[in-house]
Amino acid sequence: MIFPALRDTHMHMLITVNAAWNIWNFRQRLVATLLTDGHRVTILAPADASVPDLERLGCQFVDLDMNAKGLGPLQNLRLMLRFRQHFTALRPDVILSYTVKNNIFGAIAARPLRIPFLPNVTGLGTAFLSGGPLQALAVLLYRHSFRPLKVIFFQNSDDLQLFLNRRIVHSAQARLLPGSGIDLKRFETAEFSPLPDQPVFLMIARLLRDKGVLEFVEAARKVKAQIPGARFSFWVPPGLRAAQPLMPGP
């Protein structure tokens with residue numbers, strides 16, 4: 001175990017992410033379990049409508065001033081300094097981190113404070129996937145922030161292998177998780193409706209090229225050329241509409 005005495009010690013755990021709704025939608029069960037086990041949990045993230053729900057769970061919420069999409073070096077330096085200020089004031093026993101900027105700049109901020117930092121790589125991010133100089137910069141930032149860490153969680157074996165191949169991390173650090181997990185009590189299965197005469201395809205995702213939107217559109221063109229009655233729909237979950245920019249056209 002990373003913390004052998006975890007079950008017998010009540011710890012102050014700080015969880016940081018680039019949007020509060022991310023914790024409410026995807027890590028709610030984790031937060032509830034930590035609280036049930038007697039740990040103190042603080043959420044450090046930009047505030048949104050999900051904050052009252054998180055506080056009702058019993059955790060403390062601290063608003064984080066950050067632009068999840070900004071790439072300016074001065075902007076990111078200020079973000080790193082804000083992380084350090086929050087970590088110094090809150091003094092958690094351990095920091096759990098999700099999303100790219102929180103992982104990179106949070107790790108750098110936690111190092112001089114000697115606070116254990118556990119990032120979770122749930123995806124590579126637009127900068128890493130863009131190629132060219134921006135990708136090279138992302139690799140350097142990941143390498144600088146991750147190499148001193150003892151443990152780094154990955155949720156995708158391809159991402160883990162890519163980080164190993166690029167020498168961003170070494171194998172002793174890496175831990176592969178089986179995804180984020182789905183709370184089957186919250187997201188119950190439903191019976192299938194009767195199949196229509198013509199097929200209906202629904203894509204649920206953010207409007208980003210990296211999510212395969214263009215491929216979905218091209219597949220729709222090919223299928224409808226053979227099955228004109230086929231329908232293709234796209235749905236962006238409400239929690240993602242305000243938080244994500246629309247994808248530019250091809």
Check [X] against [Y] and note the closest heavy-atom contact, atom names and distance.
{"X": "Ala109", "Y": "Met80", "value": "CB-O, 3.6 Å"}
{"X": "Met66", "Y": "Val17", "value": "SD-O, 4.4 Å"}
{"X": "Tyr142", "Y": "Gly123", "value": "OH-O, 4.2 Å"}
{"X": "Thr42", "Y": "His12", "value": "OG1-NE2, 2.8 Å"}
{"X": "Ala174", "Y": "Leu160", "value": "CB-CD1, 3.8 Å"}
{"X": "Val94", "Y": "Met11", "value": "CG1-CE, 4.1 Å"}

Go through the structure and list residues passing side chain to side chain donor-acceptor pair (under 3.5 Å) with [X], not counting sequence neighbours.
{"X": "Ser145", "value": "none"}
{"X": "Gln28", "value": "none"}
{"X": "Asn165", "value": "Gln161"}
{"X": "Arg27", "value": "Ser180"}

Q: Only counting residues at least two apart or in another chain, list the ones meeting ring pair (Phe, Tyr, Trp, His ring centres under 6.0 Å) with Phe216.
A: Phe232
Q | Pairing residues for Phe154 by the ring pair (Phe, Tyr, Trp, His ring centres under 6.0 Å) criterion, not counting sequence neighbours | A | Phe163
Q. Under the side-chain contact (heavy atoms from CB on, under 4.5 Å) test, which residues partner Asp48, sequence neighbours left out?
A.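 Asp48 satisfies side-chain contact (heavy atoms from CB on, under 4.5 Å) with Ala19, Ala20, Trp21, Ser50 once adjacent residues are dropped.
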Q) Is Val223 reachable from Val200 through a run of hydrophobic residues whose side-chain heavy atoms are each under 4.5 Å from the next? A)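 Val200 and Val223: separate clusters.
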Q. Any chain of hydrophobic side-chain contacts (each under 4.5 Å) joining Leu140 to Ile104?
A.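 Different hydrophobic clusters.
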With the side chain counted from C-beta on, respond yes when [X] and [Y] share a heavy-atom pair under 4.5 Å apart, and no when they do not.
{"X": "Val51", "Y": "Trp24", "answer": "no"}
{"X": "Gln198", "Y": "Ile227", "answer": "yes"}
{"X": "Leu44", "Y": "Ile15", "answer": "no"}
{"X": "Gln60", "Y": "Val41", "answer": "no"}

Return yes if some donor-acceptor pair links the side-chain N/O of [X] with the main-chain N/O of [Y] below 3.5 Å, else return no.
{"X": "Gln173", "Y": "Leu149", "value": "yes"}
{"X": "Arg29", "Y": "Phe26", "value": "no"}
{"X": "Arg147", "Y": "Arg167", "value": "yes"}
{"X": "Arg40", "Y": "Leu35", "value": "no"}

Q) Quick check: are there more than 12 heavy atoms from other residues, nucleotides or ligands sitting under 6.0 Å from CZ of Arg111? A)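 Atom CZ in Arg111 is packed in, count exceeds 12.
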Q: Count the heavy atoms belonging to other residues, nucleotides or ligands that lie under 6.0 Å from CZ of Arg91, then report whether that count exceeds 12.
A: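 Enclosed: over 12 neighbouring heavy atoms sit under 6.0 Å from CZ of Arg91.
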Q. Is a side-chain donor-acceptor pair under 3.5 Å present for Lys101 with Asn76?
A.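 Short answer, yes.
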**Q.** Any side-chain donor near an acceptor of the partner, Ser97 and Asn103, under 3.5 Å
**A.**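 Yes, Asn103 and Ser97 have a side-chain donor paired with an acceptor closer than 3.5 Å.
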In Å and rounded to the nearest 0.5 Å, what is the [atom1] to [atom2] distance from [X] to [Y]?
{"X": "Ile204", "Y": "Phe234", "atom1": "CD1", "atom2": "CZ", "value": "9.5 Å"}
{"X": "Met13", "Y": "His39", "atom1": "CE", "atom2": "NE2", "value": "4.5 Å"}
{"X": "Leu30", "Y": "Ile23", "atom1": "CG", "atom2": "CD1", "value": "7.5 Å"}
{"X": "Asn102", "Y": "Leu96", "atom1": "CG", "atom2": "CG", "value": "12.0 Å"}
{"X": "Ile95", "Y": "Ile115", "atom1": "CD1", "atom2": "CD1", "value": "4.5 Å"}
{"X": "Leu177", "Y": "Phe153", "atom1": "CG", "atom2": "CZ", "value": "5.5 Å"}

Q. Tell me, which pairs form a ring-ring contact (aromatic ring centres under 6.0 Å, His included) where one or both residues lie in residues 95-121, sequence neighbours left out?
A. none
Which residues pass the salt bridge (Lys or Arg N to Asp or Glu O under 4.0 Å) test with [X], sequence neighbours left out?
{"X": "Arg221", "answer": "Glu218"}
{"X": "Asp63", "answer": "none"}
{"X": "Arg56", "answer": "Asp53"}

Q. Does anything in residues 112-123 pair up under side-chain hydrogen bond (donor to acceptor under 3.5 Å, both in side chains), and if so which pairs, sequence neighbours excluded?
A. Asn120-Gln155
Q: Would you check, one step at a time, whether the test side chain to side chain contact (heavy atoms under 4.5 Å, CB included) holds for Thr16 with Leu14?
A: CA-CA 7 Å; Thr16 184; Leu14 185 147; 4.0 Å; yes
